[in-house]
Amino acid sequence: MTAPSASLDTAPLCKARGAFFTSEPLARYFTDWAVRSVEDTVLEPSCGEAGR
């Protein structure tokens with residue numbers, strides 16, 4: 001069995017399967033709030049699609 005082409009796996013199809021995409025402005029807001037210095041680290045344990 002071959003994996004589906006990324007071009008065929010569109011955002012609407014992912015959403016239909018229950019995927020949730022955090023908007024860039026919201027992600028930026030939380031990043032700016034959480035990361036205050038270069039020494040700060042963030043653990044993001046979800047199984048997301050890494051910026052899809």
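The shown structure was predicted, so the numbers you read here are calculated from the model rather than taken from an experiment.
Taking the side chain to side chain contact (heavy atoms under 4.5 Å, CB included) definition, one finds that Ser23 meets it with Pro25, Leu26, sequence neighbours left out. Annotation: side chain to side chain contact (heavy atoms under 4.5 Å, CB included) contacts of Asp32 (sequence neighbours excluded): Arg28.
Annotation: salt bridge (charged side-chain N to carboxylate O under 4.0 Å, His left out) contacts involving residues 34-43, sequence neighbours excluded, are absent.
Leu13 forms part of no hydrophobic cluster, judged by ILVMFWY side-chain heavy-atom separations under 4.5 Å. Here Val42 sits in one hydrophobic cluster together with Val35; the rule is ILVMFWY side chains under 4.5 Å apart, joined directly or through other members.
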